[in-house]
Amino acid sequence: MQPAAPDPELPSPRGGGFGAPGTAGTRKNGFMNKASAQAAAQHTQNAQPSVGSIAAHRPHTVAAAVSDLEPDIDADLDTYEGYERYVESGAGAELPQGRFLDRERSWLAFNERVLELAEDPHTPLLERANFLAIFASNLDEFFMVRVAGLKRRIATGVATRSASGLQPREVLDLIWTRTRELMARHAACFQEDVAPALADEGIGIIRWAELTDKEQARLFTLFRQRIFPVLTPLAVDPAHPFPYISGLSLNLAVVVRNPVSGHRHFARVKVPPLLSRFLEASPGRYVPVEDVIAAPAHLEELFPGMEVEAHHMFRVTRNEDLEVEEDDAENLLKALEKELMRRRFGPPVRLEVEESIDRHILDLLIRELKISEAEVYPLPGPLDLTGLFGIASQDRPELKYPKFVAGTHRDLAEVESASAPDIFAALRERDVLLHHPYDSFSTSVQAFLEQAAADPDVLAIKQTLYRTSGDSPIVDALIDAAESGKQVLVLVEIKARFDEQANIKWARKLEEAGCHVVYGLVGLKTHCKLSLVVRQEGETLRRYSHVGTGNYHPKTARLYEDLGLLTADQQVGADLSDLFNRLSGYSRRETYRRLLVAPRSLRDGLVSRIEKEVQHHRAGRPAHVRIKVNSMVDEAVIDALYRASMAGVPVDIWVRGICAIRPGVTGLSENMRVRSVLGRFLEHSRVFAFGNGGEPEVWIGSADMMHRNLDRRIEALVRVTDPAHRAALNRLLETGMSDTTASWHLGPDGDWTRQAIDPEGRPLRNVQEMLIDARRRRRGSATP
């Protein structure tokens, strides 16, 4: 039977147009040159900070937002440390200086692309609100991790230049300048565009003074019954020290006057984080919760007998990095739990205040929080718009992207038993290449593990878990398997950023059910996405495998674009057995049959294949390099790509977030193109395709091109061997890179230019909508 490709209906990149959301014309999002940026940064330090954005708050466990278009952020500052090692090795010395773009600036450019989706009037209205919340949520994490790391590096005196040539202090100054610009645009987009448009659609986000008397009376009752009992006003005076301000919490700075003594006093009231961000005053009319708390009559309830003179909102962002010395920790689980408690008390890295704040109150906050003037962001209220995630979730389908429900991959749906598709029978016939969310996760990967758990012939299941959902059917299946007597090994990565607490909980639950739970190798995060099922079939044992690019998370699988390979190939099974044995026991294996594994063989394996393309090109054989990743930062890989481009090899890079490449530089990268696609789904898959002299070679897996992925994580790529699958993946890459596809194009100066319409003014094709339509056509329900 002919194996089916995942996207056979995907049009040729040179095909006709396909309707896609887009702005009229093009726009750039990039950065000023180094000299002007330094001048702007110097001005920032000498002047009062300008008005910034409405920043969004999310709960203290920041990882919760499934819809985040978050880039890869890590606080270990491998931009500096990895580059130091690379320079010391002497590699790349023959290539020009200044060939790498700055990582932090590139990240901010990514978040600007998210903002452009919110600014785009062609984006459905509630999706625009969602992108506004994503932008602010992303920026919160950037300050908590990257900015915090830069400040720590400066404080410790480690002032090594990054690959871009900038010192940490220069980068920090640029960040302060650039974030003010972006946050101002963010605020203007909400207040001047999205909020009025929402009001026109019957979704009003209003302030206390705009409420009717009836609405105020209703909220006063709500305040007395459900809000007032949980509020705790904290005075600041010689007997009451300045209170600790938790990260990302909303706070009221209240000034009261004693009418007897005439003395003025400062007090802080924290907005309880478990309250809804926006309260519904009447159908379709929402008011920020802090407005309800700060209403005059309500503050009088909090400070009886005192005269309330003023109140101002403020919000602090803190260092949320974790530092666990694994070599010194006898029990990593307990050490991490202790560090999670300590993380709550990280130093401040940003102070957001209402722009109307009294200067004396601002001076008090700056002094008590020990924060610099440059780190203060005066903003128009309301400060906290993560609540827009809740607004965007309203059941108003006409204001959202058209609904899409993924179907079962046809290769799995064809093989059915009396009750459900038999995954193992399907895999004995062919490999199945999955493309989520276009192919259902629940009827493929989840069904694979659930069937394995229930099958009496299955003897063992081995599984990695980096992130999963709170009500995870994957965890339930593993528990069921262990309780039925199967050998179950689960490698839980308890250091997954901002999911540490959840993963500790799952680790303990799995252990209690009888699973063998391990936490990987000391000093390395386990980021690979692997499942291995061992099944007794007659006199032999057969291994079934899944290697993916995304987490075993059923909820994000509906929003993240990812690839996965389900296979009964015995070479892949043997590789996974060897790799799991390395993760759970002691092994020095570094080579595999169909896998490239970090930190040992992955970077070298990719670089050698890039270099091989140069040889093919010089010999006149077909040669090209096509890569799709979330981030492209690693200098060794980038330099290999530069050398390939200099030799004449076409190099295409499809990157979602950070990219340090300068494409289009004469004598260096004329043959390189870099594109970025953002949309309703988070582009998350990693694909590496090589022309290989006419015998195409394609790999998929978990690794981005960053030092942390290639040096300090267990990552795995699997070679795709089915010709139809390789062709489909190459077709996908060609379509994403095509000039007829809506995307952002990276220029040599670091500017990203949005291309959304063709020269005749027609919308360019949207690759995600094309794939949705292809799946609908398979089921006979194509869009008009």
Under the 3.5 angstrom rule, does the side chain of Lys151 hit a backbone N or O of Leu172 as a donor-acceptor pair?
no
Looking only at heavy atoms, what is the nearest atom pair of Leu126 and Arg396, with distance?
CD1-CB, 3.8 Å
Interatomic distance, Lys555 atom NZ to Ser472 atom OG [nearest 0.5 angstrom]
10.0 Å
Does the Glu127 side chain pair with the main chain of Tyr401, one donor and one acceptor, at a distance under 3.5 Å?
yes
Gln768 side chain to Leu678 backbone, donor-acceptor under 3.5 Å
no
Which atom pair, heavy atoms only, marks the closest approach of Arg318 to Leu369?
NH2-CD2, 4.1 Å
Close side-chain approach of Phe131 to Asp120, heavy-atom, < 4.5 Å
no
Could you walk me through whether Asp358 and His360 satisfy the side chain to side chain donor-acceptor pair (under 3.5 Å) test, starting with their C-alpha distance in whole Å, then the side-chain angles of each, then the deciding distance to 0.1 Å, before giving a yes or no?
CA-CA 6 Å; Asp358 180 89; His360 295 293; 4.9 Å; no
Residues 191-211 vs ring pair (Phe, Tyr, Trp, His ring centres under 6.0 Å), sequence neighbours excluded, gives Trp208-His298
Salt-bridge test for Arg113 and Glu119: reply yes if a basic N is under 4.0 Å from a carboxylate O, no otherwise.
no
Going by heavy atoms in the side chains, are Asp291 and Ile206 under 4.5 Å from each other?
no
Evaluate the side chain to side chain donor-acceptor pair (under 3.5 Å) criterion for residues His684 and Asp562: first the C-alpha distance (whole Å), next the side-chain angles of each, then the deciding distance (0.1 Å), finally the verdict.
CA-CA 6 Å; His684 193 250; Asp562 272 303; 2.8 Å; yes
For Thr179 and Ile175, indicate whether the former's side chain and the latter's backbone hold a donor-acceptor pair under 3.5 Å.
yes
Are any non-hydrogen side-chain atoms of Met313 and Glu352 less than 4.5 angstrom apart?
no
Non-hydrogen side-chain atoms of Leu182 and Arg185 separated by less than 4.5 Å
yes
How close do Ala281 and Leu211 get, counting heavy atoms only, and between which atoms?
CB-CD2, 3.6 Å
Would you say Leu108 and Leu174 make side-chain contact, with heavy atoms under 4.5 Å?
no
Could you go through the salt bridge (charged side-chain N to carboxylate O under 4.0 Å, His left out) check for Arg315 and Glu290 one step at a time?
CA-CA 12 Å; Arg315 183 173 183 258; Glu290 69 269 21; over 6 Å; no
Salt bridge (charged side-chain N to carboxylate O under 4.0 Å, His left out) contacts in which one or both residues fall within residues 208-219, not counting sequence neighbours:
Glu215-Arg285
Do any N or O atoms from the side chain of Glu280 and from the backbone of Gly284 form a donor-acceptor pair under 3.5 angstrom?
yes
Which word best sums up how the rings of Trp107 and Phe142 line up, parallel for under 30°, tilted for 30 to 60°, or perpendicular for over 60°?
parallel
If only atom types and distance count, is the side chain of His265 paired as donor or acceptor with the main-chain N or O of Val236 below 3.5 Å?
no
Rounded to the nearest 0.5 Å, how far does CD of Glu398 lie from CG of Leu125?
9.5 Å
Set out, in order, the CA-CA distance, both residues' side-chain angles and the distance that settles side chain to side chain contact (heavy atoms under 4.5 Å, CB included) for Val475 and Leu465, then state yes or no.
CA-CA 9 Å; Val475 172; Leu465 285 180; 4.0 Å; yes
Would you say Lys370's side chain and Pro348's backbone share a donor-acceptor pair under 3.5 angstrom?
no
Do Pro296 and Val308 touch side chain to side chain, with heavy atoms closer than 4.5 Å?
no
Salt bridge check, Arg359 against Glu373: does any charged N sit closer than 4.0 Å to a carboxylate O?
yes
Could you pull out the closest heavy-atom pair between Pro272 and Ile293, with the gap in Å?
CD-CD1, 4.4 Å
Within a strict 4.5 Å, meaning less than it, do heavy atoms of the Val289 and Phe223 side chains meet?
no
Pair Leu362-Phe314, side chain to side chain contact (heavy atoms under 4.5 Å, CB included): steps then yes or no
CA-CA 9 Å; Leu362 179 57; Phe314 70 95; over 6 Å; no
For the atom pair CG (Asp476) and CD (Gln446), what is the distance rounded to the nearest 0.5 Å?
9.0 Å
Side-chain ion pair, Glu104 and Arg178, N-O less than 4.0 Å
no
Is the shortest side-chain heavy-atom distance between Asn630 and Phe110 below 4.5 Å?
no
Closest non-hydrogen atom pair between Phe441 and Tyr552, with its separation:
CZ-CA, 4.0 Å
Please check this pair: side chain of Arg656 against backbone of Glu683, looking for a donor-acceptor N/O pair closer than 3.5 Å.
yes
Sequence neighbours excluded - salt bridge (charged side-chain N to carboxylate O under 4.0 Å, His left out) pairs with any residue from residues 258-270:
Arg264-Glu309
Rounded to the nearest 0.5 Å, what separation is found between the CD1 atom of Ile391 and the CD1 atom of Ile205?
4.5 Å
Looking at every heavy atom in both Glu355 and Pro378, which two are closest together, and how far apart are they?
CA-CB, 4.1 Å
dist Glu450:CD -> Leu478:CG (nearest 0.5 Å) comes out at 10.0 Å
Calculate, to the nearest 0.5 Å, the distance between atoms CE and CG belonging to Met144 and Leu139 respectively.
10.0 Å
Kindly determine whether Glu769 and Arg680 satisfy side chain to side chain contact (heavy atoms under 4.5 Å, CB included), including the steps that lead there.
CA-CA 9 Å; Glu769 295 300 326; Arg680 68 185 293 177; 3.4 Å; yes
Evaluate the side chain to side chain contact (heavy atoms under 4.5 Å, CB included) criterion for residues Asn251 and Val269: first the C-alpha distance (whole Å), next the side-chain angles of each, then the deciding distance (0.1 Å), finally the verdict.
CA-CA 6 Å; Asn251 301 271; Val269 179; over 6 Å; no
With a cut-off of under 6.0 Å to the ring centre and 45° to the axis, is Arg180 in cation-pi contact with Tyr377?
yes
